[in-house]
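A quick write-up on the structure given underneath.
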Amino acid sequence: HTFAGPSIAYKALPWLSIGAGTSWNYLSIAQTKQIALKMSPGVCDGETENPSCDVQFEAKAQDTSTFTWNASVLIEPESQKWAFAFMMQPKIDFSAKGSLNANFVGTFFHDTGLIISDSSNDDDISIDMTLPTIYRAGFLVRPKENLEIELSGVYEGWSILPSLTLSDVNMQIEMNDFLGSTEINDDIIIPTNFSNTYSVRLGWELDISEKWTVRNGYLYEKTGIAEDYLSVGVFDRNKFGY
């Protein structure tokens with residue numbers, strides 16, 4: 001995900017500034033998963049740990065032109081002894097278009113002739129994805145002319161994305177002469193179970209001379225992924241930073 005765009009700020013009062021911006025957003029999604037399939041009772045029936053029952057699905061999709069906005073406010077008295085800032089960016093709804101590929105080579109289904117197709121493709125799938133609303137707030141104090149202490153927090157509403165849904169799926173699969181052909185046209189849902197998350201940052205800046213400044217900072221960030229849903233593809237834990 002990347003974005004770019006202009007922003008503008010206006011000093012409405014000596015102690016009050018307001019800002020706004022807009023941005024063009026580009027999103028690219030790529031996901032590869034080995035999914036355990038079963039054909040019927042007795043054929044890879046519940047053998048989720050048998051790699052020969054796994055079929056590799058690969059999805060790729062892009063949304064190249066979604067726009068969003070943000071707004072902010074800064075309060076800082078003329079004494080500049082302290083300041084407070086707040087910023088909000090609304091959720092971003094993406095509708096990505098792309099392709100889905102399934103590879104059957106090396107699986108039990110292909111080796112035994114149940115599935116004749118080496119692979120199956122659908123070049124016109126959709127993936128709807130929403131990035132969360134973000135709130136940022138910060139407060140700083142300047143107890144001395146050469147010392148600034150800052151505390152800020154960020155809140156992101158990741159619970160808005162409980163799963164990724166692949167829709168408009170239409171994959172044709174050639175089976176053996178007895179079974180004929182079949183198709184996959186149901187939505188494919190990949191659960192994420194994301195939860196809302198936040199982070200807190202504390203930092204300070206000290207001018208020790210006209211040429212030298214010392215800065216230090218700490219942060220804590222809460223994960224948005226439940227431990228039961230951790231995977232190599234979706235990995236995040238609570239973070240402490242210095």
Side-chain angles (χ1 to χ4, degrees), residues 1 26-64 66 91-132 156-197 223-237:
H1 172 219
Y26 171 87
L27 179 73
S28 179
I29 303 172
Q31 182 81 60
T32 301
K33 281 189 177 292
Q34 302 279 358
I35 299 177
L37 297 186
K38 70 174 184 177
M39 298 289 294
S40 62
V43 180
C44 284
D45 187 9
E47 296 185 63
T48 56
E49 300 303 320
N50 184 351
S52 67
C53 297
D54 291 347
V55 174
Q56 178 176 291
F57 284 85
E58 182 178 10
K60 295 181 179 179
Q62 293 180 333
D63 185 340
T64 60
T66 292
K91 65 183 179 70
I92 310 174
D93 293 317
F94 290 99
S95 182
K97 304 294 184 181
S99 62
L100 179 65
N101 173 268
N103 183 10
F104 303 105
V105 176
T107 67
F108 170 84
F109 314 103
H110 191 270
D111 292 346
T112 57
L114 286 171
I115 295 178
I116 299 174
S117 304
D118 292 341
S119 63
S120 181
N121 297 278
D122 183 353
D123 294 326
D124 192 24
I125 67 164
S126 301
I127 301 178
D128 292 329
M129 179 176 177
T130 299
L131 295 188
E156 301 182 3
W158 280 102
S159 63
I160 201 170
L161 187 63
S163 63
L164 283 177
T165 300
L166 283 63
S167 56
D168 300 326
V169 177
N170 186 13
M171 302 184 72
Q172 301 293 324
I173 302 173
E174 294 298 324
M175 314 292 287
N176 58 30
D177 292 339
F178 177 75
L179 296 174
S181 63
T182 188
E183 62 181 19
I184 300 175
N185 52 24
D186 291 333
D187 290 351
I188 298 174
I189 298 174
I190 303 172
T192 61
N193 274 49
F194 289 157
S195 60
N196 298 334
T197 185
T223 180
I225 302 175
E227 190 168 337
D228 291 345
Y229 284 82
L230 281 176
S231 70
V232 174
V234 183
F235 186 83
D236 188 40
R237 288 286 81 196

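Only a predicted model underlies this, so the values are computations on that prediction, with no experimental measurement involved.
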Practice task
Could you check Leu27 against Thr66 for side chain to side chain contact (heavy atoms under 4.5 Å, CB included), going step by step and ending with a plain yes or no?
Solution key: CA-CA 9 Å; Leu27 179 73; Thr66 292; over 6 Å; no
Practice task
Apply the test side chain to side chain contact (heavy atoms under 4.5 Å, CB included) to residues Asp54 and Thr107: give CA-CA distance (whole Å), side-chain angles for both, the deciding distance (0.1 Å), then the verdict.
Solution key: CA-CA 7 Å; Asp54 291 347; Thr107 67; over 6 Å; no
Handout entry: Trace of the side chain to side chain contact (heavy atoms under 4.5 Å, CB included) decision for Phe108 with Asn50
Key = CA-CA 10 Å; Phe108 170 84; Asn50 184 351; over 6 Å; no
Problem - Intermediate values then yes/no, side chain to side chain contact (heavy atoms under 4.5 Å, CB included), Phe194 and Glu156 - result: CA-CA 11 Å; Phe194 289 157; Glu156 301 182 3; over 6 Å; no
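Minimum heavy-atom separation, Ala96 to Ala61: CB-CB, 3.7 Å. Heavy atoms only, all atoms of each residue included: Glu183 and Gln172 are closest at OE1-NE2, 2.8 Å. The heavy-atom pair separating Met171 from Ser120 by the smallest distance is CE-O, 3.0 Å. In terms of heavy atoms, Asp236 sits closest to Gly224 at OD2-N, 3.7 Å. Shortest non-hydrogen contact noted between Asn176 and Ile116 is CA-CD1, 3.7 Å. Of all the heavy atoms in Ile225 and Ser195, the pair that sits closest is N-OG, 4.5 Å.
The closest side-chain heavy-atom distance from Ser163 to Ile190 is not below 4.5 Å. No side-chain heavy atom of Gln56 sits under 4.5 Å from any side-chain heavy atom of Phe104. Taking 4.5 Å as the limit, some side-chain heavy atom of Thr182 sits within range of a side-chain heavy atom of Met175. When side chains are defined from C-beta on, Cys44 counts as touching Phe109, because their heavy atoms get closer than 4.5 Å. Here the side chains of Lys97 and Asp168 are in contact, with some heavy-atom distance below 4.5 Å. Considering only heavy atoms from C-beta on, Met129 comes within 4.5 Å of Leu161 through its side chain. Between Ile160 and Thr130, some side-chain heavy-atom pair lies under the 4.5 Å cut-off. You'll find the side chain of Val55 stays beyond 4.5 Å of the side chain of Ile35, heavy atoms only.
The structure places CG of Asp128 at 8.5 Å from CG of Asp93, a figure rounded to the nearest 0.5 Å. Taken from CG in Leu230 to OG1 in Thr223, the straight-line distance is 6.5 Å, to the nearest 0.5 Å. We find the CZ-CG distance between Phe57 and Leu166 to be 10.0 Å, quoted to the nearest 0.5 Å. Summarising the geometry, atom CD belonging to Gln34 is positioned 8.5 Å from atom CG belonging to Asn103; distances are rounded to the nearest 0.5 Å. Within the model, atoms CG of Leu100 and CG of Asp123 stand 9.5 Å from one another, a figure rounded to the nearest 0.5 Å. Ser28 OG to His1 NE2: the interatomic distance, rounded to the nearest 0.5 Å, is 11.5 Å.
Between the side chain of Asp122 and the backbone N or O of Asn170 there is at least one donor-acceptor pair closer than 3.5 Å. The backbone N or O of Glu58 sits nowhere less than 3.5 Å from a side-chain atom of Thr32 that would complete a donor-acceptor pair. Side chain of Thr165 to backbone of Ile189: no donor-acceptor contact under 3.5 angstrom is found. Judged by distance alone, the side chain of Asp63 and the main-chain N or O of Ser95 form a donor-acceptor pair under 3.5 Å.
Tested against Ser159, the residues Thr192, Asn193, Asn196 include a single side-chain hydrogen bond (donor to acceptor under 3.5 Å, both in side chains) partner, Asn196.
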